[in-house]
Participant: 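Below you'll find the structure I mean.
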There are 2 protein chains.
Amino acid sequence: MARRSDHTREELYDLAMEAARATVEADGYRALTARNVAEAIGYSPGTLYNLFENLDDMIVHLNGRTLEALHERLSAAARTGDPAADLMALLDGYLGYLGDHPNLWSLLFDYSLPEGRDLPDWYVRKVGLVMGLVEAALAPLFGPGESEDRGNAARIVWAGLHGICSLNDTGKLRVVATQPVRAMAETLVTHFVTGLGAVRGGRRS
Amino acid sequence: MARRSDHTREELYDLAMEAARATVEADGYRALTARNVAEAIGYSPGTLYNLFENLDDMIVHLNGRTLEALHERLSAAARTGDPAADLMALLDGYLGYLGDHPNLWSLLFDYSLPEGRDLPDWYVRKVGLVMGLVEAALAPLFGPGESEDRGNAARIVWAGLHGICSLNDTGKLRVVATQPVRAMAETLVTHFVTGLGAVRGGRRS
DNA sequence: TATATATTTTGAACATCGTTTAATTTTATC
DNA sequence: GATAAAATTAAACGATGTTCAAAATATATA
């Protein structure tokens, strides 16, 4: 009871990833089990352990794909050269993706590896690509030799934006009626850019 | 094979919460199982289902206690009336708690209820208490009739701060070497307050 | 005090989970 | 066609959340 060359290893990997994606998207991350994915692709659970180290590893790979999709969506935003405006465009893309794929977004950000285990390098590199888009939007505020400051600012904006969406998503921000997420994110971005401009304008002039 | 009045229901609740806390703190949230907690308090797993609706419910209760502990720690910070300084003091408390109880902090913020289920009101109220501390720190920047704006600003700062710590904790911010988390948080707070002051100073003068 | 009732607590069971492994089937090699 | 290598599987293991009838205790009633 075994097969071969129905699919290559790469095809199998794609099948598994696609099935995992569909499962999470349809039924949430709690439905992402080895048996569910295996059944969806017509293989036994054991086969998945030929492709991934374990389920955690599979989730990291799936999150890697989600990260790519998010990057692609954010890349579609046009660049005007105005930091605030370009960040708003990124915000649009981010919230758009979150709205279209809430369960994948949840898995991407809420999931964390067991204690001790670190994210693999190829994953961190994908994160870096997304961060690069934020850096590019902030670029006009920085001089050519200030790439480190620029990178840190990008990380802060990215993380702040994520915090708003994350807490909102899990209901941990819903203290009495408040602004919608988009407005909060806009306020964060504009105020941060204003503050950044004030400090940096002073330093550079 | 049963007992009674070894402990009252309240004592049992305390025992369970304490055992759950110790388990998470020592071995991470993945070790928080019904059987582990039951064994730690000398009762059978079934008894836990007299105290909590299910494990998710137990986690929400534990997170409620964590929230109280965090609130207590943040309350200890002295208030000077200078928003930036007071926010830094809160930041100190926040990072201090995170450093002392990383696993409890993880469970508090990374855990999310299954799709559809909402956090109970008593929990949201506890969140509101913590948010109140941030609001108090920001208060000097707002007029007496602007409590809504003040609340929104507090939520934004709180969420932004959380985003930085959260992404940092899960390794999703570690793109090449960068600032430590404290510096990022400080930058976020100062720039945001600066931006907020610029906008609001204009409106009020 | 003896009996009846109500309440806790439990052990055992159920379905499911991640993961491992020996056995089986297929493919590739000679 | 026989042999070696590789892929796939079924079955099993231990552990999980959760349920529930039975058992044990406490309380109320007589």
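Note on naming: letters A, B, ... go to the chains in the order of the sequence lines (proteins, then strands), and numbering restarts at 1 for each one.
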Participant: Given D/dT18, C/dG18, D/dA10, which nucleotide is nearest the side-chain atoms of A/S44?
Facilitator: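 Ranking D/dT18, C/dG18, D/dA10 by closest atom to the A/S44 side chain puts D/dA10 first.
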Participant: Considering every strand and a 4.0 Å limit on heavy-atom distances, what is the contact class for A/L32: base, sugar-phosphate, or nothing?
Facilitator: sugar-phosphate
Participant: Between A/G46 and B/A34, just flag the one whose closest nucleotide in DNA chain D comes earlier from the 5' side.
Facilitator: A/G46
Participant: Between A/D169 and A/F109, is any pair of side-chain heavy atoms under 4.5 Å apart?
Facilitator: no
Participant: Grab the CG-P distance between A/N54 and C/dT20 for me, whole Å please.
Facilitator: 8 Å
Participant: Thinking salt bridges, do A/E39 and A/R35 make one under a 4.0 Å N-O criterion?
Facilitator: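 A salt bridge is absent here (no side-chain N lies under 4.0 Å from a carboxylate O).
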Participant: Identify the heavy atoms of B/G64 and B/K126 that sit nearest to each other, and give their distance.
Facilitator: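 Here B/G64 and B/K126 meet closest at O-CD, 3.6 Å.
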Participant: Checking all strands, does B/T33 fall into the base, sugar-phosphate, or nothing category for heavy-atom contacts under 4.0 angstrom?
Facilitator: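 Sugar-phosphate contact only.
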Participant: Look at all strands and tell whether B/N50 reaches a base, only sugar-phosphate, or nothing, counting heavy atoms closer than 4.0 Å.
Facilitator: base
Participant: May I ask you to evaluate whether B/T47 reaches the phosphate of C/dT8, defined as a side-chain N or O under 4.0 Å from OP1 or OP2?
Facilitator: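 B/T47 to C/dT8 OP1/OP2: no side-chain N or O under 4.0 Å.
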Participant: In this structure, how many angstroms lie between the C1' atom of D/dT16 and the CG atom of B/L55, rounded?
Facilitator: 9 Å
Participant: For B/R35 and for B/L12, locate the closest nucleotide of DNA chain C by heavy-atom distance; then report the residue assigned to the nucleotide nearer the 5' terminus.
Facilitator: B/L12
Participant: Below 4.0 angstrom, N of the basic side chain to O of the carboxylate: do B/R65 and B/E68 qualify?
Facilitator: no
